[in-house]
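Structure record follows, encoded as structure tokens.
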Amino acid sequence: MQTDVLLGLQWGDEGKGKIVDVVTPAYQIIARFQGGPNAGHTLIFEGKKHVLHTVPSGIFRKDAINIIGNGVVIDPITLRGEIEKIEAQGIVVGKNLLISRKAHLILPTHKILDKYSEESKGQHKIGSTLKGIGPTYMDKTGRNGLRMGDTELASFKEKYNALVSKHKKMLGSYDYKSLLDETESKWFEAIDFLKKIELIDSEIYVNKALAEGKKILAEGAQGTMLDIDFGTYPYVTSSNTVTAGTCTGLGVAPTKIGEVIGIFKAYCTRVGSGPFPTEQNNETGAKIREIGHEYGATTGRERRCGWVDLPALKYACMINGATQLAMMKADVLDTFETIQVCTHYEINGVKTEYFPYDIDGLDIKPVYHAMKGWKTDLTKLRRMEDAPKEFSEYIAYLERELNVPITILSVGPDREQTIIRKRIENNFTNRIPGACNERPFF
Ligand code: GDP
Ligand code: IMO
Ligand code: MG
């Protein structure tokens with residue numbers, strides 16, 4: 001059996017949480033492989049909204065095992081809060097959540113270092129979520145980090161103190177004392193609370209499950225354009241958000257990767273600093289933000305909004321080896337007369353079809369292909385045969401350009417507002433209950 005992967009193709013917040021929740025009935029295991037509480041994955045069903053940061057989005061589905069893999073960084077305080085909120089919904093969190101011993105811990109001082117680092121960058125700040133992600137991954141690669149498995153050791157407190165004293169030296173005269181005092185005891189209480197969750201050697205668990213024929217879905221966080229290697233560096237996160245991250249973040253061999261489902265919005269958003277060629281810093285962007293409720297699920301910040309960017313999407317499909325696509329939030333464009341799609345960029349009058357290296361220092365002009373809007377309420381659409389012609393044309397155009405079939409369409413935030421386009425030859429969509437018997441135009 002192989003591991004399917006579902007990940008973002010843009011700058012995050014594409015709707016990963018919603019789709020993971022929708023497709024979970026087709027899987028036995030849902031596993032996060034990177035990122036941490038910088039993620040905010042929203043699920044809406046039965047009139048309730050849930051936001052997950054560290055817990056995989058399969059947690060609300062009966063019988064699914066959710067794994068927090070070795071590539072994830074964990075803030076015990078956030079994770080405890082998430083578990084308590086889930087339990088308040090009547091879901092017992094026990095055997096349905098497992099944590100890798102090798103997942104790294106975010107210490108209170110990592111969060112302070114994140115704040116300190118952002119403040120010292122001034123106008124070049126990344127716009128980090130300030131959850132301690134960068135400093136924790138730095139300690140991981142610097143071979144200083146603390147891992148979940150360390151909490152089982154008698155020397156845990158000693159290891160903690162050694163790392164914290166390193167951090168204090170780095171912070172120098174920075175005023176960290178009150179920040180540290182505020183969180184340190186809560187952090188240790190949360191570590192105790194998490195003792196009720198089983199720690200596993202997740203790479204062994206996952207590979208055994210695959211050998212037994214179990215179906216696994218790896219849930220990405222952030223998006224391809226925030227990848228530490230392939231994103232818009234330095235305005236990125238600190239992990240590999242792409243398909244390859246599944247291999248290192250779960251211990252799954254490349255030969256064991258199955259379907260790669262890339263998610264994108266029918267338009268594009270970005271939160272935090274950094275290049276965004278198709279950004280509409282105008283009325284159009286404001287309209288998308290208002291209709292699409294484009295405010296961060298983790299930080300509440302306004303998301304920057306703009307049109308779909310084909311060069312960036314093509315790049316993301318290439319890096320991830322996307323085998324199918326999910327297009328989200330088409331309903332947000334319901335009232336638009338015209339929808340623009342960026343087909344390429346012009347840099348100093350020269351046509352460019354991919355994201356240039358030093359985008360910040362360049363005068364980059366996106367070139368658009370205008371398409372007629374569908375001017376129809378899509379939120380109740382459940383079958384593509386009932387779709388307005390212009391919507392079908394928009395999908396067909398994107399499929400042709402990206403050369404990957406769009407098998408999932410989302411027309412509203414609720415679980416139910418989803419169209420799965422079944423493909424005879426595709427065992428992924430065929431396994432999802434309620435998949436309609438339609439072939440993509442591809
Ligand atoms: P994630 O980080 O990729 O899981 O995405 P977020 O949860 O951060 O952001 C996606 C937002 O869009 C959430 O508020 C979802 O409830 C919402 N959403 C998801 N799909 C749709 C859709 O098809 N239409 C609309 N209008 N909202 C959607
Ligand atoms: P999900 O999983 C959108 C952005 C931050 C910032 C940059 C670095 O919900 O899609 P970090 O805290 O990682 O140091 O921030 O990355 N960022 C996200 N943007 N969605 C996310 O996650 C993000 N996680 C980080 O805004 O620009
Ligand atoms: Mg999000």
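Indexing begins at 1, ligand by ligand and atom by atom, following the structure's order. Residue numbers run from 1 in the order of the sequence given.
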Would you say ligand 2 has an N or O under 3.5 Å from any N or O of T237? yes
Which ligand 2 atoms does A39 reach within 4.0 Å, using its non-hydrogen atoms? 1 (P), 2 (O), 9 (O), 22 (O)
Check contact between R303 and ligand 1, using heavy atoms of the residue and a distance below 4.0 angstrom. yes
Among the heavy atoms of G40, does any lie under 4.0 Å from an atom of ligand 1? yes
Pick one of side chain, backbone, both or neither for how V236 approaches ligand 2, counting any non-hydrogen atom pair under 4.0 Å. backbone
Please confirm whether V271 comes within less than 3.5 Å of ligand 2 when only nitrogen or oxygen atoms on both sides are compared. yes
For G40, state whether at least one heavy atom is located under 4.0 Å from any atom of ligand 2. yes
T278 side chain to G306 main-chain N or O, any donor-acceptor pair under 3.5 Å? no
How does Y235 reach ligand 2, by side chain, by backbone, by both or by neither, if only non-hydrogen atoms under 4.0 Å count? neither
Of all the heavy atoms in E14, does at least one lie under 4.0 Å from an atom in ligand 1? yes
Between the side chain of N240 and the main-chain N/O of G245, is any donor-acceptor distance below 3.5 Å? no
Is there side-chain contact between H167 and I112, with heavy atoms separated by less than 4.5 Å? no
With only distance considered, is N38 within less than 3.5 Å of ligand 2 through an N or O on each side? yes
Confirm or rule out an N/O/S atom of G12, from backbone or side chain, lying less than 2.8 Å from the Mg ion (ligand 3). no
What about S273: any of its N or O atoms under 3.5 Å from an N or O on ligand 2? no
Is there a polar contact, in the sense of an N or O pair closer than 3.5 Å, between T129 and ligand 2? yes
In this structure, atom 16 (O) of ligand 2 is nearest to the protein heavy atom L226 CD2, 3.6 Å
Ligand 2 versus R270: contacting region, heavy-atom distance under 4.0 Å: neither
Of the backbone atoms (N, CA, C, O) and the side-chain heavy atoms from C-beta on, which set of R301 has a member under 4.0 Å from an atom of ligand 2: side chain, backbone, both, or neither? side chain
Nearest-contact summary for atom 20 (N) of ligand 2 - protein heavy atom, Å: D13 OD1, 3.1 Å
Atoms of ligand 2 under 4.0 Å from any heavy atom of W11, numbered from 1 in the order shown, are 3 (C), 19 (N)
Evaluate K16 for polar contact with ligand 2, using N/O atom pairs at a separation under 3.5 Å. yes
Contact between ligand 1 and G412 is defined here as a heavy atom of the residue under 4.0 Å from a ligand atom; is it met? yes
Taking the six-membered ring for Trp, are the ring centroids of Y174 and Y116 within less than 6.0 Å of each other? yes
What atoms of ligand 2 come within less than 4.0 Å of a heavy atom belonging to G272? 27 (O)
The Mg ion (ligand 3) - closest N/O/S atom in D13: OD1
Are the side chains of V341 and Y397 in touch, meaning some heavy atoms are under 4.5 Å apart? yes
What part of D13, side chain from CB on, backbone N/CA/C/O, both or neither, has a heavy atom under 4.0 Å from ligand 1? both
Taking only heavy atoms of A221 into account, list the atoms of ligand 2 that are under 4.0 Å away from them. 2 (O)
Check contact between K131 and ligand 2, using heavy atoms of the residue and a distance below 4.0 angstrom. no
Examine distances only and state if a side-chain atom of Q417 and a backbone atom of K380 form a donor-acceptor pair shorter than 3.5 Å. no
For K329, is at least one N or O under 3.5 Å away from an N or O on ligand 1? yes
